[in-house]
Protein chains: 2
Amino acid sequence: MAEPQARLDELIARLRERGGRLTPQRVAVLKVLATSDQHPSAEQIYEHVKADFPMTSLATVYKTLALLVEMGELLEIRFCGDSTRYDGRIAHSHPHLICVKCKKIKDLELAPLNPLSKEVAERTGYCILRYRLDFFGICPECQEEE
Amino acid sequence: MAEPQARLDELIARLRERGGRLTPQRVAVLKVLATSDQHPSAEQIYEHVKADFPMTSLATVYKTLALLVEMGELLEIRFCGDSTRYDGRIAHSHPHLICVKCKKIKDLELAPLNPLSKEVAERTGYCILRYRLDFFGICPECQEEE
DNA sequence: TTATCTGCAAACGTTTTGCGATATA
DNA sequence: TATATCGCAAAACGTTTGCAGATAA
C-alpha cells in the first residue's frame, strides 16, 4: 500500500521516463489510480476525473489505462459479467477478495505465492509472468442484508 | 479429471434432476464440455456443436452455459481482452495455467487452497464461495517461437 | 397438452478505433 | 515546430434478450 502521493509521483516519473506526455487528463487519471483503494472501473475513473476536469473523454481514460497496463504499472481485474476493474496502487500480483453481491474488491495480505510460482514454472516449463488469486464470497455487510 | 463419458452422464443426470429438458442441442453442448480439456470459449463450443448439429444457434449455447454455471456445474474463466472460457470437466475451484501468447489453458494439480480459504474467511468475516488461482505465463512451445 | 426451449435478430454494455483538431515538449 | 495525445462518434466485440414458433415430457 504505497502512500497515494508517493505512488502518484512514481507513476508520473515512469511515464516521463518512457517519453510519454503529461497531459492534465492523464495526470487526473493517475491521481485517481494512486488514490483510490476501491479498485475502480474505467467508468468510475472517468466520473472522478470529470469532477475536476469536465472536458475529459472516456476514450482517453481507456487509452491511458491501456498504456499503464502495458507498462506493467496497472493490474486488471476482470471477473464474470462485469466490467474490468483496476488496481494502480499495487502493481505486482497479489490476492484480492471480491464480494459477489456488492462487487467490492479488497486487497488481501497473504504470504506471497512466489515460491509456488517458481514450483509451477519448474514443473511445467512455463515462464510465469504473474498470477491472479481471487477469493469470491459475500462480505459481512451483505451477509447481514440477507 | 473425470472420464468424459462419466462426466457427460453426470451432467445429464443433474439436468434431469433439476427438471430441465434434454434437447439435442443441450446434449451436444454437454458433450463438448465433458469431452474437451481445451477450456473452450462459447464460440468454440458453438463450432463443435454445429459440426454434428448444424441448426444450433449461438444464443442457445450461451443459454445452456448460463444454466450450467448457475447450477454450479461449470466454471467460468475470464481474463483480460478475451472471451470467457469454460471448464465443464472439473466444477470445483482449481488452479489454471494460462499462456498469454497462444491462450491455451491447462488445469494445474496443486495442493488445494481450501485451508487458505478458511483462513481468509476467519480473518475477514467473508463467507468464501470459491476462488480463482491462475498463473499467467508463456508455454514452452511459444517460448521456442520467440 | 403445455410449459420449456429453440432460433432469430435486435439490443446491450464495454472497449477500441479512426479521424481531424489540439497542445505538450 | 513536430508529433503525441486529445475528443468525438462510429465500430467492434462478446453477450443477453424478447418473441413467435417448435418440441420434450
Side-chain angles (χ1 to χ4, degrees), chain A residues 11-31 33 39-47 49-71 74-86 103 105, chain B residues 11-33 39-71 74-86 103 105:
Chain A
L11 286 172
I12 289 175
R14 290 266 192 287
L15 204 56
R16 195 165 302 189
E17 279 169 33
R18 201 185 179 277
R21 287 186 183 169
L22 284 169
T23 64
Q25 295 92 329
R26 278 191 176 174
V27 175
V29 171
L30 298 187
K31 199 174 286 180
L33 290 174
H39 304 84
S41 65
E43 188 74 40
Q44 288 166 339
I45 294 166
Y46 175 56
E47 292 306 325
V49 168
K50 267 208 304 192
D52 44 60
F53 226 90
M55 69 290 259
T56 309
S57 77
L58 184 54
T60 295
V61 173
Y62 272 109
K63 282 168 187 166
T64 305
L65 295 174
L67 178 64
L68 292 168
V69 168
E70 191 219 295
M71 289 167 62
L74 186 59
L75 236 48
E76 295 178 285
I77 309 169
R78 189 168 193 181
F79 53 100
C80 299
D82 281 277
S83 48
T84 304
R85 308 273 289 268
Y86 296 90
K103 314 289 182 185
I105 302 180
Chain B
L11 286 172
I12 289 175
R14 289 266 192 289
L15 203 56
R16 195 165 301 188
E17 278 169 34
R18 201 184 180 279
R21 287 187 183 168
L22 285 168
T23 64
Q25 294 92 329
R26 277 188 176 176
V27 175
V29 171
L30 299 187
K31 199 175 287 181
V32 175
L33 290 173
H39 304 84
S41 66
E43 189 73 42
Q44 288 166 337
I45 294 166
Y46 175 55
E47 292 306 326
H48 276 269
V49 168
K50 267 208 303 192
D52 44 60
F53 225 91
M55 68 289 260
T56 309
S57 78
L58 184 55
T60 296
V61 172
Y62 272 110
K63 283 169 188 168
T64 305
L65 295 174
L67 178 64
L68 291 168
V69 168
E70 191 219 297
M71 288 166 63
L74 187 59
L75 234 51
E76 296 178 286
I77 308 169
R78 188 168 194 180
F79 53 101
C80 298
D82 281 277
S83 48
T84 305
R85 307 273 289 268
Y86 297 89
K103 313 292 180 183
I105 302 180

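First the proteins, then the strands, lettered A, B, ... as listed; each starts at 1. Keep in mind that what you see is a predicted model, and the values were worked out from it rather than measured.
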Is any side-chain heavy atom of [X] less than 4.5 Å from a side-chain heavy atom of [Y]?
X      : Y      : answer
L67(A) : R18(A) : yes
L11(A) : L74(A) : no
L30(B) : L15(B) : yes

Worksheet item: On DNA chain D, nearest-nucleotide positions of G81(A) versus T60(A): which is more 5'?
Response: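 Going by which nucleotide is closer to the 5' end, it is T60(A).
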Fill in: Comparing R18(A) and Y86(B) on DNA chain D - which has the more 5′ nearest nucleotide
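Between the two, 5'-proximity favours R18(A).
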Worksheet item: So, is T23(A) near the phosphate of dC6(D), with a side-chain N or O under 4.0 Å from OP1 or OP2?
Response: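 Result: yes.
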Discussion item. So, OP1 or OP2 of dG14(D): does either fall under 4.0 Å of a side-chain N or O from T84(B)?
Written reply: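 No, outside the criterion.
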Worksheet item: Would you find a donor on one side and an acceptor on the other, under 3.5 Å apart, between the side chain of R85(A) and the backbone of L75(A)?
Response: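 No, R85(A) side chain to L75(A) backbone: no donor-acceptor pair under 3.5 Å.
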May I have the distance from [X] (atom [atom1]) to [N] (atom [atom2]), rounded to whole angstrom?
X      : N       : atom1 : atom2 : value
L22(B) : dT23(D) : CG    : C1'   : 13 Å
I45(B) : dG14(D) : CD1   : P     : 14 Å
L65(A) : dT5(D)  : CG    : P     : 14 Å
R16(A) : dT24(C) : CZ    : P     : 13 Å
Q44(A) : dT15(C) : CD    : C1'   : 16 Å
R78(B) : dC13(D) : CZ    : P     : 16 Å
D82(B) : dT15(C) : CG    : C1'   : 13 Å
L67(B) : dT16(D) : CG    : P     : 13 Å

Proximal nucleotide (of [options]) relative to the [X] side chain:
X      : options                   : answer
R26(A) : dT6(C), dA25(C), dC6(D)   : dC6(D)
Y62(B) : dC8(D), dT2(C), dG14(D)   : dG14(D)
T56(A) : dA25(D), dG7(D), dT6(C)   : dG7(D)
K63(B) : dT15(D), dC19(D), dT15(C) : dC19(D)
Q25(A) : dT5(D), dG7(D), dG14(D)   : dG7(D)
S57(B) : dC8(C), dT24(C), dC8(D)   : dC8(C)
L58(A) : dT15(C), dA23(C), dT6(C)  : dT15(C)
R21(B) : dT2(C), dT24(C), dC6(D)   : dT2(C)
A59(A) : dT17(C), dA25(D), dA25(C) : dT17(C)
P24(A) : dT24(C), dT15(C), dA25(D) : dT24(C)

Discussion item. Give me the atom names and distance for the closest heavy-atom approach of T60(A) to Q25(A).
Written reply: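 Minimum heavy-atom separation between T60(A) and Q25(A): CG2-CB, 4.1 Å.
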Discussion item. Classify G20(B) by what it touches in the nucleic acid, base, sugar-phosphate, or nothing, heavy-atom distance under 4.0 Å.
Written reply: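 G20(B): backbone/sugar contact only, no base atoms under 4.0 Å.
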Item to complete: Look at the side chain of K50(B) against the base of dG7(C) and say whether a donor-acceptor pair falls under 3.5 Å; ignore hydrogens and angles.
Response: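 Counting by modelled atom types and ignoring angles, no donor-acceptor contact under 3.5 Å is found here.
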Discussion item. Checking side chain to side chain contact (heavy atoms under 4.5 Å, CB included) between Y86(A) and each of E76(A), Q44(A), H39(A), R78(A), which is the one that passes?
Written reply: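 Filter result, single survivor: E76(A).
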